[in-house]
Structure formats: C-alpha cells, structure tokens
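Just so it is clear, the model here is predicted, and its values are computed rather than measured. Throughout, protein chains are lettered first and strands after them, A, B, ... in sequence-line order, and every chain is numbered starting at 1. Side-chain atoms are counted along with the backbone in the values below, which use heavy atoms only and exclude waters and symmetry mates.
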Number of protein chains: 2
Amino acid sequence: MKNCTKTRLALETATIKDIAKALNLSTSTVSRALRGSYEINPETKRIVLECAEKLNYRPNPIALSLKENRSRAIGVVVPEIDNPFFSQAINGIEAIAYNRGYHVVIFQSHESYDREVVNIQHLASRRVDGVLISLSGQTTHVEHLKELHTKGMPIVFFDRFSDEINTHKVVADNYQGAFEGTEHLINSGKKHIAHLAASPTLSITRERISGYKAALEKHGIPYNEDFVKYCNFSIEDMENVIDELLSQPILPEAIFTVSDRLAMACLKILKKRNIRIPEDMALMGFSNLKVAELLSPSFTSVIQPALEMGQRAAELLLDLVEKKSKSPAYQTVTLPTELVIRDSTKTASK
Amino acid sequence: MKNCTKTRLALETATIKDIAKALNLSTSTVSRALRGSYEINPETKRIVLECAEKLNYRPNPIALSLKENRSRAIGVVVPEIDNPFFSQAINGIEAIAYNRGYHVVIFQSHESYDREVVNIQHLASRRVDGVLISLSGQTTHVEHLKELHTKGMPIVFFDRFSDEINTHKVVADNYQGAFEGTEHLINSGKKHIAHLAASPTLSITRERISGYKAALEKHGIPYNEDFVKYCNFSIEDMENVIDELLSQPILPEAIFTVSDRLAMACLKILKKRNIRIPEDMALMGFSNLKVAELLSPSFTSVIQPALEMGQRAAELLLDLVEKKSKSPAYQTVTLPTELVIRDSTKTASK
DNA sequence: TTGTATGCGTTATCAG
DNA sequence: CTGATAACGCATACAA
C-alpha cells in the first residue's frame, strides 16, 4: 500500500478524494475509515487517519448538509440583538448549541413584522435545522411561522410567543413578576401606580398587566385605565408616552416599567422635570441588566432569567431537532423572575 | 407543453427537478429560466416561473454553496455577545450583511484563547466566506488566524486587532479618547488619576494607556505606576483589583475605567466603602452603553462607536469577499470616540 | 474487507 | 433555444 506523501498545497483544502488518490484507495474506503470503524481493516484505517492528518483534511459540512438534508445550524430570530435581554438569551443559546455541535445564525426583526417574515423566509431557504424565535412587537398573526411549522420545521418560542402554534415555549413568569413588583410598591405605601407596558399584542404584555391588576385587586386598589400606557420600542414614542402620563390631572406615585429602556427613558424625563426618585416618584420594573440595580440606588428590579431562557429553549429545540422525543409532548416552561429590592428605598431621602 | 398541476406536498420543498418533471422540461432549461433570462424562450420562462411560484420553489443555498465553494455567510468571533459593545457591533455587522445578502454566524471566545482557536477551526470547516474578529483578552499569538489568512480567507479585525496580520482593521480612536478623558479629569482639578485597564496584551489597552500617559505628561503630572491596574474580565478579578487600588497609601482622586463592567464594579465597591461620587472620587471611562450616562449623574463617558465599527468592518470584509478591490490595499480605519461630559459634576454636591 | 455506482440540488459545458 | 452530462464532497447500497 502506497504511502501518503504529497503535502497539500496551503490554499485549498483536502477532500476525501485526495486522500483516496494519495493512498490508492477508493473514496468509500476512506470515508469508512474516517467515520465509524465499521467494516474496515484496522491497518487501513490507521493509514487513512494518518494521511488525513497530514493533508489536514477537514470534512466539508456543506456536502454533508446536502446529503443529509440538514445543516447543523439553528436560526435565532430576535427583535434586537442590541438589547441586553436578547444578547443574554443568545449567550445561553450559543452555549448549548456549541456543546451539541450546532451553529447559531442570527436574525433581527427590529420589531418589524415585515422583517420577521423575511427572516423566516431566509431561515427556511437556509435550511436551518430548527428555529428559536421571540416575536416582534408588531406581529399580530403568525401564518409565516405556522407554514414553516407545518412543513416540519422544529420551532421553539422564548419570551414572546404565540398561542396559535402548538410547540415548546420558554417564558419568564411575567404574571408573578408583575404581581410581586406591584405588591412591593403597594407595600411601600403607593396607591397610584402607573404601568408602562410594551406592545399590547405581545404575550409578555398581557401577562404582566394581569399580574399588575391582580396585585391592585388583592389590595383593594381600583384599576385606573389612565395609568396604563403602551409604547412601542422607539425612544421617541417612549418619551411621548411618559410625558403624556405625567401630564394627567392625577400624577402617579410610582411607575412600573417593563424594560430597561423604558426605565431609562423614565429616569431621563423625571430628571428633566425635576421629579425626584424615589421621594416624589418610585420607580421599578422588569430588568435584565443588573446595571439598573447597580447604578440607580432607588430602582427595584424584576430580573428576568434571560440566560436560562436561552439555554432551556435551545435544549428543547435541539431535542426536537434530534428527535429525542418521538412524540413531541410540547411543554411550556415558566422560569421564575427575581425581585431585587434595595434597602436604599427607605434611607435614600436623607 | 404540459401545465404545472401537481400541488406540492407540504412537508418537503420543491426542487428544480420537480419543476422539470412537472413541466416535462430538462433541469437545465428550468435552471436557465430561473436564473438569467439568457438563451431562453420567453414563453418557456413564463411557464417555469409560474410553476416555480405554484410549487413554492426555493433555491437550495446548500447545493449552491457546494457548487460555488462559498457559503454566503460570514463568521463573527467576539469575546462575549452579552456585552453591550459587542452586541452593538454585531448589530451593525448584521445590518450590512443583511443588505448584501449574507448571513451572520456568531462565535464567542469568552475571552479564552483556546476557545478562539476552536472557533477559528469551526469557521474554517464551516466554509464561511470571511471572518470578522475581535481578539480575546487571552490571545497573545495569532498563528491560528495567520494560517487561515494565508489560505486565502478574508479577515477583518475590529476593535481588538493584531499587528501580525496584514489586513483591514477598524478601531476606535482609543488614544485620543483616553487622552481627552484624562485631560477632562485633570481640568476638573484631579491630579491623582488611576487607570483601570483591561488585559495588557490587547491593542486597545496599549493605545488607551498611551493616551492616558500623554495627557498626564502634557499637564506635567508624573506617571505613577501604582495607579495603573490591569484586570481580566471576571467580576471577581475586577473587584480584587479595585480593592487593591483603594488600599494603597495614596488614594487616587479619580478613576478612569475602560469598560462599563469595570465602571459598575467601581460603583459597587466605592459605595460599599462609602466613598462618594463625585465628591470623594471622580469616575469616568470608556462606555458603550449610554446607560452609564443616564443613570449615574456623575459619570463622564468616552463613548465608543460600536455600531459604526461593526458596519465599517462588515463593509470592508464583504468588499474583500467579493473582490471589489483586486489589490487589497489594507487600511486601518480609526473612528472617533465621543466625550460626553455631564454638567452635574459641578452641581451634584448639594 | 474493499471497490463501484448513485444521489443530494444546482449550474456549466457542450451537443443538438 | 433546449437537453444530456459532469461536477461540487460525501455517504451508502450493492457488488465483488
């Protein structure tokens, strides 16, 4: 049996054929030697592996994908990468995917329904093996996902889901988080509590408002519609809505924000209006960034388990992709939020 | 010519062959009709397009990749996705890539050299068309990249680069940013200014320390080695280093931090020690998160152009990939930082 | 145990 | 203008 001598040119990458040629073997033999040790002469195998090493052989995943009709990549659709919640979630996704031999392809919807649809088309044509998605704020119907799902594409929702698709969902306990947060404000003596919500179409929005309402009700505080404001994700819109809220006859004593960006917009406007925190106005809200906790001494946060959500969602998706569960008993995983109360609320007004 | 009738099964996706079969044409004809209008009967073309539409045909990019030996995907290696600077940069990258028909595959080195090497291997075997990379804090030599680059893979550095590889680099003006920041502290009357740096092996670290030193020198302030501390990226390490800094015989009057996380660690420890900001200690630093600016009234930021860096780097990479410039005249693009000074520094100590 | 042939989806080449 | 064929890199059913 000939020896493997030809040292490969640096520019191109060796294929199974090159090894076969160098060793005067057939490609099938080489292939067998490279894969399982199944039906192969140990000596042949040794030689092949040695030669593969020398030629710096790397299997071509694209050829594999074509053959096996799978890409070993999963697609992730998020509203905005540049959002601490989603970047943390992607971190979790990437960790799991990496461990299980998958790559992560990122798509942003920028909170736009149209972009989301295009993203889904791209994902489909890219032949990803599965999709993780958190819906855009504009999305009201999910035919684009339904179609994909019907065709057999594994899909797992995280954070923002749609009930119209029967699949795994990984979410934070938004109801409980909002309930505890609101109750904390109530227990601090606040009665007029505003709720700055995100898009009314989102699942997270509905759940959080439910929790907010439940806490009010439990403590016998009437629900005031004027204290609940929805905003989309542009800074301008947020500021307008907050201005509107603060221009009403009855001013709230506290504001419950549902995102870091909303909290920041609040801080900015409250400062502009010389409204002191927390003396004049208590501030708290859903946050993913422990920054809020660190930097503003009077901000109570409902921390969302972004990393864990990404991890769990990725695990469920890859189980689906790898058909670990023949009968997909779809589940909804609800992860707890964490209420971080800082003692400074009481001592801050020195 | 037969009509296209068979409505495709939902599960699988139509191929060029299916269209050919349905229309009783050859795959080559179908292919031609689908691509350029070159050498094709307009009528045939119409029929093919119609049928493609009906069968919901989507070209298989994997087959294309195999044929053309390119993937229309670029790889991005960053230390940590869950870092506002990098997530913003990725945002910029994704925007450009998206517009030019490329997909973005994400890899994290987690500031580990070993992980970075593995990432590069994955990228290579994934056959991405190009690589954008910001080096890990642990990386001291770049043979892994050199090899890839020598083999012809287009590589563009952003933020953290190595001089050992001759290619495009897109960076912030770290020297100038550090100079202006330091000078601002000096002009506020501070003389003992500490500099909390990142890994000493990084280009950004060297550049920033140069700027810091230059500002001191310009104002006749002696350089004190004890005021410059390096830290890696773990929170524990940061806090240890800061504790160390604050336990020296001579306390600094100001701290210049080179990242948001360092700034946060500082805030936390200063608070724990009851050191007031800015009365007892001025704080400023490189920041990507306008959060710092919003939440802490006394934090002066040197804002880095993360988004723009991502965009510029992606543009340069894709030009390289598409060989727009036959002779790669590699350039180093330096983007300005922005010093955001907040007036509250003077009025805060009420 | 090894080799031959085939196919994954597409396009390019060449022949009609 | 259209059709047949080969090729991209790999794995496998089947033949030897």
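Leu64(B) places its CG atom 13 Å from the P atom of dG9(C), with the value rounded to the nearest Å. Atom NZ of Lys17(B) and atom P of dT6(C) are 13 Å apart (whole Å). For the pair Arg46(A) CZ and dT2(C) P, the computed distance is 13 Å after rounding to whole Å. We find that CD1 of Ile47(A) is positioned 9 Å from P of dT2(C), with the value rounded to whole Å. Taking atom CG of Asn60(B) as the reference point, atom P of dG7(C) lies 18 Å away to the nearest angstrom. Atoms CZ (Arg35(B)) and C1' (dG9(C)) sit 11 Å apart, rounded to a whole Å. Atom CD1 of Ile62(B) and atom P of dT11(C) are 14 Å apart (whole Å). Taking atom CD of Glu68(B) as the reference point, atom P of dA12(C) lies 8 Å away to the nearest angstrom.
Across the helix from dT1(C)-dA16(D) to dG16(C)-dC1(D), the helix axis at one end is tilted relative to the axis at the other end by 60° (nearest 10 degrees, each axis from five pairs).
Nearest to the side-chain atoms of Thr44(A) among the listed nucleotides dT2(D), dC8(D), dT2(C) stands dT2(C). Nearest nucleotide to the side chain of Asn41(B), out of dT10(C), dC1(D), dG9(D): dC1(D).
Proximity of Ser31(B) to the phosphate of dT11(C): a side-chain N or O atom is located under 4.0 Å from OP1 or OP2.
A donor-acceptor contact shorter than 3.5 Å is absent between the side chain of Thr201(B) and the backbone of Thr140(B). In terms of modelled atom types and a separation under 3.5 Å, the side chain of Asp129(B) and the main chain of Arg72(B) share a donor-acceptor contact.
When the ring-ring contact (aromatic ring centres under 6.0 Å, His included) test is applied to Tyr113(B), the partners found at least two apart in sequence or on another chain are His141(B), His144(B). Considering only residues two or more places apart in sequence or on other chains, Lys146(A) meets the salt bridge (Lys or Arg N to Asp or Glu O under 4.0 Å) condition with Glu143(A), Glu164(A). With sequence neighbours excluded, the residues satisfying salt bridge (Lys or Arg N to Asp or Glu O under 4.0 Å) with Arg46(B) are Glu43(B), Glu50(B). Listed by chain and number, the residues in a side chain to side chain donor-acceptor pair (under 3.5 Å) with Arg160(B) are Glu111(B) (sequence neighbours excluded).
Using cut-offs of 30° and 60° on the angle between ring planes, the pair Phe158(A) and Phe86(A) is perpendicular. A perpendicular orientation is assigned to the rings of His168(A) and Tyr330(A), their planes being inclined by more than 60° (bins at 30° and 60°).
Residue-environment remark: CZ (Arg312(B)) stays at or below the threshold of 12 foreign heavy atoms within 6.0 Å.
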Which atom pairs link the protein and nucleotides 3-6 of chain D when you take only N or O atoms and keep those under 3.5 Å?
residue: dG3(D); atom: OP2; partner: Ser26(B); partner atom: N; Å: 3.2
residue: dG3(D); atom: OP2; partner: Ser26(B); partner atom: OG; Å: 3.2
residue: dG3(D); atom: OP2; partner: Thr29(B); partner atom: OG1; Å: 2.4
residue: dG3(D); atom: N7; partner: Arg32(B); partner atom: NH2; Å: 2.8
residue: dG3(D); atom: O6; partner: Arg32(B); partner atom: NH1; Å: 3.0
residue: dG3(D); atom: O6; partner: Arg32(B); partner atom: NH2; Å: 3.4
residue: dA4(D); atom: N7; partner: Ser28(B); partner atom: OG; Å: 3.1
residue: dA4(D); atom: N6; partner: Ser28(B); partner atom: OG; Å: 2.9

